[in-house]
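What follows is one structure encoded as structure tokens, with my remarks underneath.
When reading the values below, keep in mind they use all heavy atoms of this one structure, side chains included, and skip hydrogens, waters and symmetry mates. Proteins get letters first, then strands, A, B, ... in listed order; numbering begins at 1 in each.
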Protein chains: 2
Amino acid sequence: MHAIREAMAAMHKRSEEIPPVSKAVESLVRQVIAQVADKWTMLVLEALEEHGTLRFTECGRIVGGISQKMLTKTLREMERDGLVVRTVHPVIPPHVDYTLTELGRELSAAFCGVWTWAETYHAEVSAARRAFREREEG
Amino acid sequence: MHAIREAMAAMHKRSEEIPPVSKAVESLVRQVIAQVADKWTMLVLEALEEHGTLRFTECGRIVGGISQKMLTKTLREMERDGLVVRTVHPVIPPHVDYTLTELGRELSAAFCGVWTWAETYHAEVSAARRAFREREEG
DNA sequence: TTCGATACGCACCAAAAGGAGAGTGTCGCA
DNA sequence: TGCGACACTCTCCTTTTGGTGCGTATCGAA
């Protein structure tokens with residue numbers, strides 16, 4: 001899990017200077033994480049994982065509570081990052097559909113643990129919130 | 001992974017009305033996910049997982065690139081959600097330290113898969129981005 | 001002939017996120 | 001006397017996020 005940090009630490013010890021390659025990799029990993037650790041991205045990812053190929057409006061309906069603007073943006077970013085493929089069928093009215101790539105499916109699988117965590121422990125989280133609120137107020 | 005949605009679908013089929021309990025649970029899961037799927041939360045979580053107990057400034061230094069404001073906010077929210085314990089030692093100068101709870105450690109473990117994904121596939125992501133940019137421009 | 005369906009783009013606006021920097025309180029050290 | 005250490009808080013400011021509503025293109029149906 002911490003391969004990069006460990007490698008950096010090792011290299012730092014060895015040469016007393018942080019190599020730029022690892023710095024670039026670390027920042028990229030962070031950037032990717034920051035991108036992907038997004039509410040809408042996670043929700044769209046899950047919708048596509050569950051339903052396979054989806055059309056724009058359909059996807060929005062399944063995700064629920066997302067505006068067209070955010071759906072467009074999220075889908076575009078996911079396409080840019082290689083998580084989904086966008087297929088345009090040049091017919092009228094327009095027909096566009098979205099499918100997860102292998103990369104997207106892998107990410108979805110990686111997020112599986114977080115979903116499980118949330119489903120398993122949400123009661124503990126609300127209990128903690130209640131306790132916190134009482135401690136603050138009382 | 002999709003236990004809640006499946007349960008809801010089953011109940012919906014059976015009674016033609018969505019029970020409010022599951023709706024509440026689903027919204028709570030979403031809320032928890034939205035909270036937890038945050039860049040700073042993930043980074044702080046990892047820092048604490050790696051280093052055990054950390055003090056405020058120390059934690060900020062390890063996370064890197066986080067402002068005091070965001071560090072305070074992130075830590076407070078994590079405390080509220082029962083992910084960390086905040087211990088104040090009433091000495092001067094002040095000494096406060098933060099440790100993951102069991103819940104926090106579980107979440108950290110759940111995020112492990114996402115970190116691994118990012119470290120494994122970041123090259124594919126940048127390749128996808130380059131390809132996307134070229135397709136857009138060219 | 002006009003309406004609806006689809007998948008957006010665009011413009012405008014409100015709210016939230018987030019950064020920079022100054023202030024706080026007390027002690028020990030110089 | 002005055003500065004630094006720590007863990008913040010507070011204010012001011014900019015940037016990002018996100019919502020709403022309108023425009024668009026074209027075809028078939030009413």
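In this structure, Gln68(B) places its CD atom 11 Å from P of dA20(C), rounding to the nearest Å. Whole-Å rounding puts the Glu58(B) CD to dC6(D) P distance at 10 Å. Rounded to whole angstrom, the span from the NZ atom of Lys39(B) across to the P atom of dT17(D) amounts to 11 Å. The separation between Met70(B) atom CE and dG19(C) atom P is 6 Å, rounded to whole Å. When the P atom of dC10(C) is taken as reference, atom CG of Leu71(A) falls 17 Å away, rounded to whole Å. Rounded to whole Å, atom C1' of dA7(D) lies 14 Å from atom CG of Leu54(B). Here the C1' atom of nucleotide dA7(C) and the CD1 atom of Ile66(A) are 14 Å apart, to the nearest Å. His89(A) places its NE2 atom 14 Å from the P atom of dT6(C), with the value rounded to the nearest Å.
Salt bridge Arg80(A)/Glu77(A): absent, no basic N to carboxylate O contact under 4.0 Å. Salt-bridge annotation for Arg105(B) and Glu102(B): present, with a side-chain N of the basic residue lying under 4.0 Å from a carboxylate O of the acidic one. The pair Arg135(A)-Glu79(B) counts as a salt bridge, with a side-chain nitrogen and a carboxylate oxygen less than 4.0 angstrom apart.
Note on Thr72(A): every side-chain N or O is 4.0 Å or more away from OP1 and OP2 of dC8(C). Phosphate contact (OP1/OP2 of dC8(D), side-chain N/O of Arg76(B), threshold under 4.0 Å): present. In this model, the phosphate group of dA7(C) is not approached by any side-chain N or O of Arg61(A) to a distance below 4.0 Å at OP1 or OP2. Arg55(B) has no side-chain polar atom (N or O) that falls below the 4.0 Å cut-off from OP1 or OP2 of dC6(D).
Mapping Ile92(A) and Phe56(A) onto DNA chain C via the closest heavy atom, the residue that lands nearer the 5' end is Ile92(A). Where His95(A) and Pro94(B) each meet DNA chain C at their nearest nucleotide, the meeting point lying more 5' is that of His95(A). Toward the 5′ end of DNA chain D lies the nearest nucleotide of Lys69(B), the other residue of the pair Lys69(B) and Trp40(A) mapping further downstream.
Closest to the side chain of Pro93(B), out of dC6(D), dT17(D), dC8(D), is dC6(D).
Annotation: the span from Lys39(B) atom NZ to Thr74(B) atom OG1 amounts to 10.0 Å, rounded to 0.5 Å.
Across Val63(A) and Ala47(A), no two heavy atoms sit closer than the pair CG2-CB, 3.9 Å.
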